[in-house]
Amino acid sequence: MGKQSSQPLADQLRSFITPFRYDGSGEFHLKSYKTAEKGGLDKDKGEKIIEANRKRLVDFQEKLYAQDNWSMLLIFQGMDAAGKDSAIKSVFDGINPQGCEVHAFKVPSSRELDHDFLWRAAIALPERGRIGIFNRSHYEECLVVRVHPEILAKQKLPPKLVTKDIWRERFEDISAFERHLARNGTVILKFFLNVSKQEQRERFLERLEDPAKNWKFNMGDIAERALWAKYQAAYQDMIRHTSTQHAPWHVVPADHKWFARVVIGSTIVSALDKLDLQFPKVDKAERSEFKQVRQALLDEDKEKAVKPAKKGT
Ligand code: AMP
Ligand code: MG
């Protein structure tokens with residue numbers, strides 16, 4: 001990154017993170033976050049940052065895996081066509097698949113509905129040393145379920161537990177769950193891909209017009225689009241109540257896909273940088289053991305070299 005590379009990473013990337021992060025301090029109004037922001041960059045500059053962040057991510061991920069203490073949970077939410085799938089594909093391009101797992105949360109199965117709403121998220125959490133990516137998440141429980149009361153009605157909850165307080169209770173439970181994870185070594189970053197209704201329209205039209213994109217179009221998406229205002233209100237309330245210092249939301253401007261990737265990649269690498277990850281150190285005793293093993297391996301070669309000579313005589 002040329003001239004800037006002598007600056008600490010957090011300083012280099014701050015302007016792509018801080019304006020979009022909400023950690024629960026102060027007020028939150030979704031309307032004050034622009035969807036078409038470009039952070040003073042053009043696409044070319046943006047692509048360079050995206051590529052530099054990918055390299056950093058590869059490096060940090062290897063250390064995270066080797067050190068095996070921390071894990072990272074990345075949560076992606078957004079309206080249909082906000083770019084969740086393609087952002088995940090782009091930001092994690094080139095990452096070792098062994099250290100990272102993506103879970104896409106769809107309509108819950110009957111088995112999942114037989115458990116509490118956090119169950120399926122809990123069993124999908126990343127192990128230590130791993131990066132877990134949630135493409136949609138437990139937050140759908142305060143989004144699609146809130147916008148569609150008929151979904152809540154089918155959740156088999158004991159009726160007397162379903163009161164007007166249910167959303168506040170879910171926010172509290174999610175926050176407690178995430179605090180517990182953070183206290184056990186999971187770094188949590190949450191991304192709301194904030195796309196405009198106009199941009200969603202463009203992307204839906206592309207999906208309808210381009211045969212290679214037809215498969216991405218779902219008739220149900222149009223019905224959800226009609227509920228845009230209700231979703232925006234649900235997102236705002238969710239971000240207000242579940243943003244914390246240990247699990248902040250990032251309201252990512254998503255009308256320009258490349259800028260969304262700048263913000264997401266920068267946020268992730270900056271958080272990993274703060275962990276000061278190191279490859280595990282080898283102690284003195286182990287080093288001397290390594291020396292002996294190395295010598296034994298070298299000696300194997302010598303033995304081999306001697307053997308054929310013996311055979312010939
Ligand atoms: P997509 O991400 O476009 O493949 O669609 C997944 C669908 O599953 C979306 O329509 C979500 O709203 C829906 N979904 C995800 N989680 C839940 C949930 N907890 N309850 C109901 N629907 C959900
Ligand atoms: Mg979809």
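FYI, side chains are in, hydrogens and waters are out, and symmetry mates aren't considered; it's all heavy atoms of this structure. Order of listing sets the numbers, starting from 1, for every ligand and every atom in it.
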_Residue part near ligand 1, for P108, under 4.0 Å between non-hydrogen atoms_ = side chain
*Give me the ring orientation class for W258 and H256: parallel if the planes are under 30° apart, tilted from 30 to 60°, perpendicular past 60°.*
tilted
*Determine whether the side chains of N69 and Q67 contain a donor N or O and an acceptor N or O closer than 3.5 Å.*
yes
*Between E27 and H29, is any side-chain donor less than 3.5 angstrom from a side-chain acceptor?*
yes
*For ligand 1, is there an N or O atom under 3.5 Å from any N or O atom of V107?*
yes
_Single hit among W249, F192, F76 for ring pair (Phe, Tyr, Trp, His ring centres under 6.0 Å) with Y139_ = W249
_Atom pair OH/NZ of Y235 and K230 - distance to nearest 0.5 Å_ = 16.0 Å
*Select one of side chain, backbone, both or neither to describe which atoms of V145 lie under 4.0 Å from any atom of ligand 1, heavy atoms only.*
side chain
*Going by distance only, is there an N or O of Q155 that falls short of 3.5 Å from an N or O of ligand 1?*
no
_Tell me the contacting part of R136 for ligand 1: side chain, backbone, both, or neither, using a 4.0 Å heavy-atom threshold, strictly below._
side chain
*Consider only side-chain N and O atoms of R21 and S243, and report whether a donor and an acceptor are under 3.5 Å apart.*
no
_Under a 4.0 angstrom heavy-atom cut-off, which atoms of ligand 1 come close to D80?_
3 (O)
*Among K154, R120, E141, closest by any non-hydrogen atom to atom 16 (N) of ligand 1*: R120
